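Sequential numbering from 1 along the given sequence is applied to the chain's residues. Since we're looking at a predicted model, the values are computed, not measured.
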Amino acid sequence: MSLTKPRTMPGVLELLPLDQIAFMEMLDSIRAGFERYGFLPIETPAIELSHVLLTKTGGETERQVYFVQSTGSLNKGGDPELALRFDLTVPLARYVAEHEHQLNFPFRRYQMQRVYRGESAQRGRFREFYQCDVDVIGKDSLSPRFDAELVAVIYQVFQALKVGPFQVRVNHRMLMRGLLEHLGVADAEMQTLVLREVDKLDKRGVDHVRQSLAGGEIGLGAAAIDQLFDFVGFRSANVDEALAKLEALPDSNAALQQGISELREVITLVRAFGVPESFFAWDCAIARGLDYYTGTVYETVLTEHPEIGSVCSGGRYENLASNYTKSKLPGVGISIGATRLYWQLREAGLIGSGRSSVAVLVTQMDPALFAEYAELAALLRGAGINTELQLESGKLGKQLKYADKAGIPFAVIVGPDELAKGVVQVKDLQRQEQFEVARDELVASLRVEIEQFRAMPLGPLGESASEQS
């Protein structure tokens, strides 16, 4: 019988153990940052009812949805009843509407789960990926203070990830819409088209966007385009400069007045929330092309690696669950595509493999002493030290090579001589050093050694400092 070639489908990220540890540590850092600000976890099913999930999608989004059918439903024919979630926002809307009377508002939730999209197979695009979302949902109203707090949340998370300098950039959709109305573009659909083009500035460049705004169904005049580009060209990481720019804007319509007022509050409070000005900027070019954003919008970039693009984005929406309830539920949220972020950071050399979660390998010098080795392993595990016990006999050199390849930093070695003397040999596989310790002092000694090992910095590719030298 011919063998089937083992391979994963395109668009998934499957990692080796030490890389998986690094990815899980990244998720743990994100989770800790969310929880530090009082957000609570939820999970929703990977599979939702199709008619609920696709209430208001259409277009490109619906073409990317994976539908789910059992063999029985296939035989019955008809449209698929179930589908895999393509993001965490639509399931959140369903969740809040379904549990509205059991939730405490403002509802602060975080969610870190896999989502599924039928992306075309290409480098860096994933069909299955982790999304890490945090949102605050209000009942009837929600203060702009929550918008400002999310900047502090992003700052907390990316500081903990230690990926180098970054900047959280914000803007306000009502400012953009108000400015367009001031320039004579009053139609909401036409405003949306303009915002979508402005959102392409970083990817397509000024000339492309200018041509798109001047031609086709938009047809803006040269003077209006010049004024629009003068506005979107403004970016300031200085709070006082940003506030002065806001005060100089015209307030000729309600949208501009609302945008100025709310963004002023956000910019002022960001400083009060303890975010250094070097990590924050008002960037007038950020439009966020998605239609449901109605107020503050966010994008976060690694300042030394702009080629990576936005690593965290989101914004304010007026009514999250309008398709499922008559209640008004405004909200604000951000999302981190963790799988893509990890892949990008690894490709840029900013993150490497993690350390093994196993700290000690108890080797097997003499098969006749196996019961002693099992007792040693039980002693270490009981003391909270992650320990692997060598269950099969073999040459000591081979066992030590196994530990080294698995990333286990310490090996415990006991033979008849050590047993008679009541001592244990400990081999530090990173420094290639070996020392002897009394058996009853083994736990205390290893705790010190492991703590020192964990404190050693990892290099850009995951090696410890001793390995690099």
Grab the two heavy atoms, one from [X] and one from [Y], that are nearest each other, plus how far apart they are.
| X | Y | value |
| --- | --- | --- |
| Ser212 | Ile218 | O-CD1, 3.9 Å |
| Ile408 | Leu361 | CG2-N, 3.6 Å |
| Leu161 | Ser29 | CD2-CB, 3.7 Å |

Hey, would you say the [X] and [Y] ring centroids sit under 6.0 Å apart?
| X | Y | value |
| --- | --- | --- |
| Trp282 | Phe234 | yes |
| Tyr116 | Phe86 | no |
| Tyr130 | Tyr342 | no |

Would you mind checking if [Y] and [X] are paired as a salt bridge, meaning a charged N to carboxylate O distance below 4.0 Å?
| X | Y | value |
| --- | --- | --- |
| Asp207 | Arg210 | no |
| Arg271 | Asp240 | yes |
| Glu197 | Lys200 | yes |
| Lys328 | Glu318 | yes |
| Lys401 | Asp404 | no |
| Arg108 | Glu35 | no |
| Arg355 | Glu25 | no |

Open item on the list: Ring-plane angle category for Phe126 and Trp343, please: parallel below 30°, perpendicular beyond 60°, tilted otherwise.
Closed with: perpendicular

Open item on the list: Quick one, Glu128 with Arg117, criterion salt bridge (Lys or Arg N to Asp or Glu O under 4.0 Å). Give me CA distance, side-chain angles, the key distance, then yes/no.
Closed with: CA-CA 7 Å; Glu128 176 192 66; Arg117 292 183 191 171; over 6 Å; no

Side chains of residues 150-158: which donor-acceptor pairs under 3.5 Å do they make with residues two or more places apart or in other chains?
unit_1	atom_1	unit_2	atom_2	d
Tyr155	OH	Gln159	NE2	3.4

Task: Spacing of CG belonging to Asp133 relative to CG belonging to Leu88, to within rounding of 0.5 Å - done: 4.5 Å

- [ ] Please name the residue in the list Ile308, Ile336, Val163 that meets the side-chain contact (heavy atoms from CB on, under 4.5 Å) test with Leu341.
- [x] Ile336

